[in-house]
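Reviewing the structure listed below.
Order of listing sets the numbers, starting from 1, for every ligand and every atom in it.
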Amino acid sequence: MNGFDLLLRGGLVIDGTAGPGAARRADVGVSAGRLTLLPPGAPALSRETEDVGGLVVAPGLIDVHTHSDGVTLIDGEVGRDMVAASVLQGVTVEICGNCGSSLFPAPPERLAGMRAENRVAFGGDVGMYTGFAGFAAAHAAVPRANHLASLVGHGTLRGGVMGPVDRAATPGELDTMCALLDRALAEGAAGLSTGLIYTPGTYAGTDEVVALAAVAARHGKPYVTHLRDEMSRVEEALEEAVEIAVRSGAALHVSHHKTAGRFAWGRTERTLPRIAALRARGMDVTCDVYPYTAGSTALGAMFPPWAFEGGISALTARLADPGLRDRMRLAIAEGVPGWENTVGNGGWDRVSIACAPRHPETEGLTVAELATARGQDPLDAAAFLLLAEQGEVTIISHSMIEDDVRRVLAAPYSMIGSDGVPKPGGRPHPRWAGTFPRVLGHYVRKLGLLGLETALHKMTGMAAARFGLTGRGVIADGAHADLVVFDPDTIADGATFADPLAPPAGIHSVVVAGRTVVRDGAETGARPGSVLAT
Ligand code: ZN
Ligand code: CU
């Protein structure tokens, strides 16, 4: 009899599938990074045996939406807690490259310029790579606890080929973008992402995205989108995404689906039936969601897109001009066609400052409070802070209602994505450290919104199928040995807006590639994670 490296005895296996047999008593053996299921108590030899009676053994969780592209690459600047927050929840695969922004691919002559811009977006020197292979090699040099897969960001493609310009791509530029995307997908990137509220992605029209999504479709990989509007025009933005999917032939995945801002509250009662109807017709449409009523983004995204043309330095120059600030105030008050306008949909009192490295005393204040403290108009106070921070301010936007969040969580095609933005410093959104235990503790155990098997399927098998992670997201003979073992009676998120990196409760152990990376809620120091090609 061949022995196992690790044998988990006496647990309740929930195998990550959607079927009625997803939960059953079984022992789970791990050898050479692969799984074997055994009848409870079956005779077996193992180097290490653990009694996991009373605990759930599930496939390692897949966070389908992160901005953790470079967090382990930032040398010496990132807190240990920031890097560990994901794996401590049981996340064994993070999918980055979301919202139109990834660390590859770029034309070689633009690498240095884009590397400098990434310092602001990712909070440190994370590099920039010509292709997926270079990105994977950079990560291979820095051992990590869990695995990482990446989408190709449309904003990255566009910014690399065209620069930060507000115009349509020429046919030659579009060909270059398609060729870069094609190579990155062939090398193993997981799909195409857009962030159509962010510059430079927002400068693209529908046709440009259709052409790129068609490249993803040829690779059998999804089109993943942060919609052009998640507020008052969310339904029109969803229709644009549907049009892109239909015309390109790509599967559609809507990122962090929400209907935010007072004019869109309750609108999931229309968007979700629309998605369900498309699915009933045979269209492949899915989404992800995080379990909070607040979002988080850059303070710069509160300003109209024209203010950004030319990039961050051009924005800060415009913010210093009182006449242009008046034009921005007017744009926020009246709206600009095609622009989401978070503040016009909510108000500066719903926008709080999360990270402002040079002015930490402002962190936790709303922009309205900062304005009162400074005796200024809120837009002038926001401009002051952006100028002082050279464009680098993260905000939290309290823009959603609980009913909408619950409806999206309960939709049978929604997966869980933290949308975590792990940058050094400040008080980031607690979703990076709390998302998965919050769903399993608050929404499954406390509220009963979802069954445990259903919630785990969203976090494992459904996500693996969507993003082409073959042999993951399930507990089955021969599957990759990525596992989480937790106590369903105590699992809970610890992270809050005041203490955003506090670890969760109830996680017993986490196994990545057959090695235990978390034991009794703490990291073991093992670093078996790698960049996954799909
Ligand atoms: Zn996004
Ligand atoms: Cu995102």
Side-chain angles (χ1 to χ4, degrees), residues 62-71 85-86 91 94-103 118 120-123 126 148-156 158-159 190-202 204 209 222-231 233-234 237-238 240-241 244 252-261 264 271 286-302 305 339-342 345 351 354-355 394-397 399-400 404-405 408 414-423 428-435 463 466-467:
I62 299 171
D63 186 343
V64 300
H65 193 115
T66 79
H67 295 280
S68 59
D69 310 51
V71 64
S86 182
V91 171
E94 299 167 25
I95 300 179
C96 68
N98 274 288
C99 298
S101 182
S102 54
L103 296 189
N118 277 346
V120 173
F122 292 93
V126 296
L148 185 67
S150 182
L151 303 164
V152 177
H154 158 251
T156 301
R158 194 178 216 273
L192 169 70
S193 81
T194 55
L196 296 177
I197 72 158
Y198 298 116
T199 59
T202 190
V209 185
Y223 169 57
V224 179
T225 180
H226 179 148
L227 298 175
R228 205 179 284 274
D229 197 307
E230 295 177 311
M231 300 185 114
R233 292 192 187 85
V234 61
L238 176 61
E240 181 192 29
I244 290 165
L252 174 61
H253 182 84
V254 177
S255 296
H256 43 60
H257 183 42
K258 62 174 82 71
T259 57
T271 59
T286 53
C287 70
D288 62 68
V289 59
Y290 49 80
Y292 298 89
T293 53
S296 178
T297 189
L299 179 57
M302 306 297 104
W339 172 50
E340 181 176 78
N341 192 7
T342 300
N345 278 274
V351 175
C355 305
T394 306
I395 57 103
I396 290 170
S397 163
S399 59
M400 291 165 251
D404 285 318
V405 173
V408 183
S414 67
M415 302 163 205
I416 309 301
S418 70
D419 203 4
V421 189
K423 282 203 238 182
H429 193 301
R431 64 196 184 184
W432 171 240
T435 285
R466 164 47 87 219
F467 291 97

The Zn ion (ligand 1): protein N, O or S atoms [distance under 2.8 Å]:
Cys99 SG, His226 ND1, His256 NE2
With 2.8 Å as the limit, jot down which protein N, O or S atoms are around the Cu ion (ligand 2).
His65 NE2, His67 NE2, Cys99 SG, Asp419 OD1
Within the distance-only criterion (no hydrogens, no angle test), does the side chain of Asp419 pair as donor or acceptor with the backbone N or O of Thr66 below 3.5 angstrom?
no
How about His67 and Phe122: are their ring centroids closer than 6.0 Å?
no
Apply side-chain contact (heavy atoms from CB on, under 4.5 Å) to Ser193 and list each qualifying residue two or more places apart in sequence or on a separate chain.
Leu151, Val224
Ring centers of Tyr292, His429 separated by less than 6.0 Å
yes
Excluding sequence neighbours, so at least two apart, what forms salt bridge (charged side-chain N to carboxylate O under 4.0 Å, His left out) with Asp404?
Arg407
Is a donor on one side and an acceptor on the other found under 3.5 Å between the side chain of Thr342 and the backbone of Met302?
no
Identify the residue among Asp288, Thr286, Thr271 that makes a side chain to side chain donor-acceptor pair (under 3.5 Å) with His257.
Thr271
Begin from the C-alpha positions of His256 and His226 and carry the test side-chain contact (heavy atoms from CB on, under 4.5 Å) through to its verdict.
CA-CA 7 Å; His256 43 60; His226 179 148; 3.1 Å; yes
State, to 0.1 Å, how close Thr202 and Pro305 come at their nearest heavy-atom pair, and which atoms those are.
CG2-CB, 4.2 Å
